Amino acid sequence: MPDQLILRVAVPAPLYNSFDYLPPDGTLAESLMPGVRVSVPFGRGDRCGILLELLTEGNIAGRRLKRAHAILDQAPLFMKADLEFLIWAGRYYQHPVGEVIANALPVRLRKGEPAASVKTTRWHLTDLGLLQQASSLKRAPKQAALLALLKESTNGLTKEHLAHQLDTYRSPLLAMQQKGWVEVLEHDDPESSASRGQSAAYALNSDQKSAVDAVDLGRFGAYLLDGVTGSGKTEVYLTLVNEVISKGRQALILVPEIGLTPQLIRRFEARLGQGVAVLHSGLGALEREQAWHLARLGHATVVLGTRSALFTPLPRLGLIVVDEEHDLSYKQQDGFRYSARDLAVIRGQRGDCPVILGSATPSLETLHNAQSGRYGHLKLTSRAGEAKLAQMDLLDIRSVRLEAGLSPLLIEQIRGTLQAGNQALLFINRRGYAPIVTCHDCGWVAECRRCDARMTLHGSSNILWCHHCGSQRRLDPHCPECGADDLRSLGQGTERVEEVLSQLFPEIGIVRIDRDTTRRKGSLDKLLEGIRKGKYSILLGTQMLAKGHHFPDVTLVGILDVDQGLFGADYRAAERMAQQIVQVSGRAGRAEKPGRVLIQTRHPDHPMMQLLIRRGYDAFASEALAERQSAAFPPFSYQVLLRAEAPQESAPRVFLDEAHQQGVALANGRVEFWGPVPAPMERRAGRYRAHLLLQAHQRSDLQRLLAQWVVSLASLKSARRVRWSVDVDPQEML
DNA sequence: AGCACGCCGACT
DNA sequence: GTCGGCGTGCTC
């Protein structure tokens, strides 16, 4: 029997091997292409997996294979190169292939549902509509414009295209439909080619020009695009993307969190038009899948999305951009713990296309790669429109009486800013009213029952809220310990600062932007709109304020609580603090209104802080890198974190001790083991957590160890009593 | 992860 | 005598 073909299938299950099946009954050989989905029996039930390869001999000798139920796709969903990239990623991050591939699929496809068609609905003129004259629509200019547009198009226009060309189209279109002038038709071809955005050349400054020229679009290269806020990184992206499109290839743009970068998205849509598939979080499952198919089939020329968009199949990929590459949201913090930024470089390498990593505050990893020559280093030094960077100063708040965390000097500066008719921005990286509630009589402190953490008071509703597990309870006016009624709240969050500011400046519009005020969809946009219109003169909020938005009328930035960054438990704390300060500072100022940044600190002499404000982020980063080098920390070494958690206090420790022993035996002395140690917050959401940290000078030594170690960990009996995970290149030790 | 099997405690 | 607890093992 020559037709003894065996299907190797990646089945979504937390298992580190793939599974072999016989082809479904009556399958034609040509339908068995790697990259199609296969429905297979698995254990008790059925699963939807992906066909990885065809074999003539299985490696499960003497076992009767089960027969797959059905091939679910007529054409592969992933090409060979994309499939191999996913397999590589799974191996690198020690995550089961089946789950990695499932992760890369839109949810509907994951569940085995039939692939959605990429039919588009487009508006056409009817025969009656074709007979109409624009001149007869003098009283309805919108309808006249619509009529003209539709007459020009040969193939009809999508509503996205209409929205792109006209500011309002809905009601005139409806009116025309009622007159029988227009109709909607379904098409199999996704886009009318006439709907490309215009790619007019924009004037680049000399920095931008040399950055664009330095990128070789013909082959792989990784580049750090290093430029302060407002230096025009987006213009460089757009120019490169346009060049790539004009060569008939596709571009992939990654952004940290889509809700926080509406300005970037709007610019891409405005400049590139209909070819942009934006993967919002707001898309429904079906819309999301259709955008995915458009990209996969090569109809979408640009895909813009958050970290998961990295896995979109793109047959003609010619450029990857990772905007704000330092942002931690590129690292997935559960399940498949990949870094989209790092994988972007791998994908570019494998697909032989350039990768641009953009940031005003590059991560030390990327900076190191640029300094060592592995990445090209493109610098944008001038701020567009000659805007000057804000002047940064430290405000010593030792022995200063603070009012809700605000020093008198800062308050005076705010007053001056408001009197000059400008806006002030205050950054407090702590939401809620106060982080501590305590009894003045007995010293009792409100703590979470499920975490080793204090509960934060949220003022308006007088509710205690644990920011780590989300549990909340009503604050009783009496101390639960001694019964006294002298509870006090210490420290301040955004709510209290807002309260005090509104007492200090009763006439002034104040807006607070944090997770609590922007929970509802669209509320962030609404608040930002108010800021743009000058409705508010004081802006205060958490890091949400520091991302993506620019506030040209802000001339004063106050940073309230920067000190925990200086002495954080994590060796990356200083880097993050510096990035945060520089990012917030970048929100302010423009040509005629240079901004000023005041940083309140109890450690004004701290050398790293001094370096940052006197000589800027680059100098800070060089020094921080030198410290990392002398301590042999990443990026001068490589780390893997084995995490374990369980409801029983001892279980993680028992597991990690065994894991440690096994690891040492496998490592041949080329890997250092630190721990096990309890996690920084040992108990969280009722589970005890502990870590074992591995470090090596060579990635390959860690990779070799992991391949064997992870399999043997899975078979440990102590592993059954914990939830464990391997974090390759961990970013946060939480 | 699910989901079976299997071997010991309190119940209609 | 069963119902069901969760320890252990398997998934092509």
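Bear in mind that the values here come from a model prediction, so they are computed numbers and not experimental data. Proteins come first, then strands; the chains are lettered A, B, ... in the order of their sequence lines, and each starts at number 1.
Residue Leu15(A) contributes atom CG, which lies 11 Å from atom P of dG2(B) at whole-angstrom precision. The OH atom of Tyr16(A) sits 19 Å away from the C1' atom of dC12(C) (whole-angstrom rounding). Arg8(A) places its CZ atom 9 Å from the C1' atom of dC12(C), with the value rounded to the nearest Å. Put simply, CD on Glu99(A) is 9 Å from P on dG2(B), counting in whole angstrom units. Following rounding to the nearest Å, Asn17(A) (CG) and dC10(C) (C1') show an atom-to-atom distance of 11 Å. In this structure, CZ of Phe19(A) is placed 13 Å from P of dC10(C), rounded to the nearest angstrom. Across the protein-nucleic acid pair, Lys717(A) atom NZ and dC10(C) atom P stand 15 Å apart, rounded to whole Å. Rounded to an integer number of Å, the gap from CG of Leu65(A) to C1' of dT11(C) is 13 Å.
Side-chain contact annotation: Trp674(A) with Glu672(A), donor-acceptor N/O pair under 3.5 Å present. Between the side chains of Ser363(A) and Glu575(A), no donor N or O sits under 3.5 Å from an acceptor N or O.
Using a 4.0 Å heavy-atom distance criterion, Tyr21(A) is classed as a sugar-phosphate-only contact.
Inter-residue side-chain proximity for Met33(A) and Leu51(A) is flagged as unmet; no heavy-atom pair is nearer than 4.5 Å.
Distance check, rounded to the nearest 0.5 Å: CG of Asp729(A) to CG of Leu641(A) gives 11.0 Å.
Contacts between residues 650-658 of chain A and DNA chain C, defined by a heavy-atom separation under 4.0 Å, are absent. Looking at residues 29-41 of chain A, you'll see Pro41(A) sit with a heavy atom under 4.0 Å from some atom of DNA chain C.
More than 12 heavy atoms of other residues, nucleotides or ligands sit less than 6.0 Å from atom CZ of Arg316(A).
Salt-bridge check for Asp514(A) with Arg431(A): failed, with every basic side-chain N at 4.0 Å or more from each acidic carboxylate O.
In this model, no side-chain donor or acceptor of Arg47(A) finds a partner on the base of dG2(B) within 3.5 Å.
You'll find that the side chain of Arg720(A) is closest to dG9(C), out of dA1(B), dG9(C), dC12(C).
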Would Val303(A) and Ile253(A) count as a side chain to side chain contact (heavy atoms under 4.5 Å, CB included) here? Give the steps. CA-CA 6 Å; Val303(A) 170; Ile253(A) 320 294; over 6 Å; no

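Ring-centre distance between His697(A) and Tyr638(A): not below the 6.0 Å cut-off.
Phe655(A) and Trp724(A) have tilted rings, their planes meeting at an angle from 30° to 60° on a 0 to 90° scale.
Across the interface with DNA chain B, nearest-nucleotide mapping of Arg44(A) and Ala13(A) shows Ala13(A) to be the residue nearer the 5′ end.
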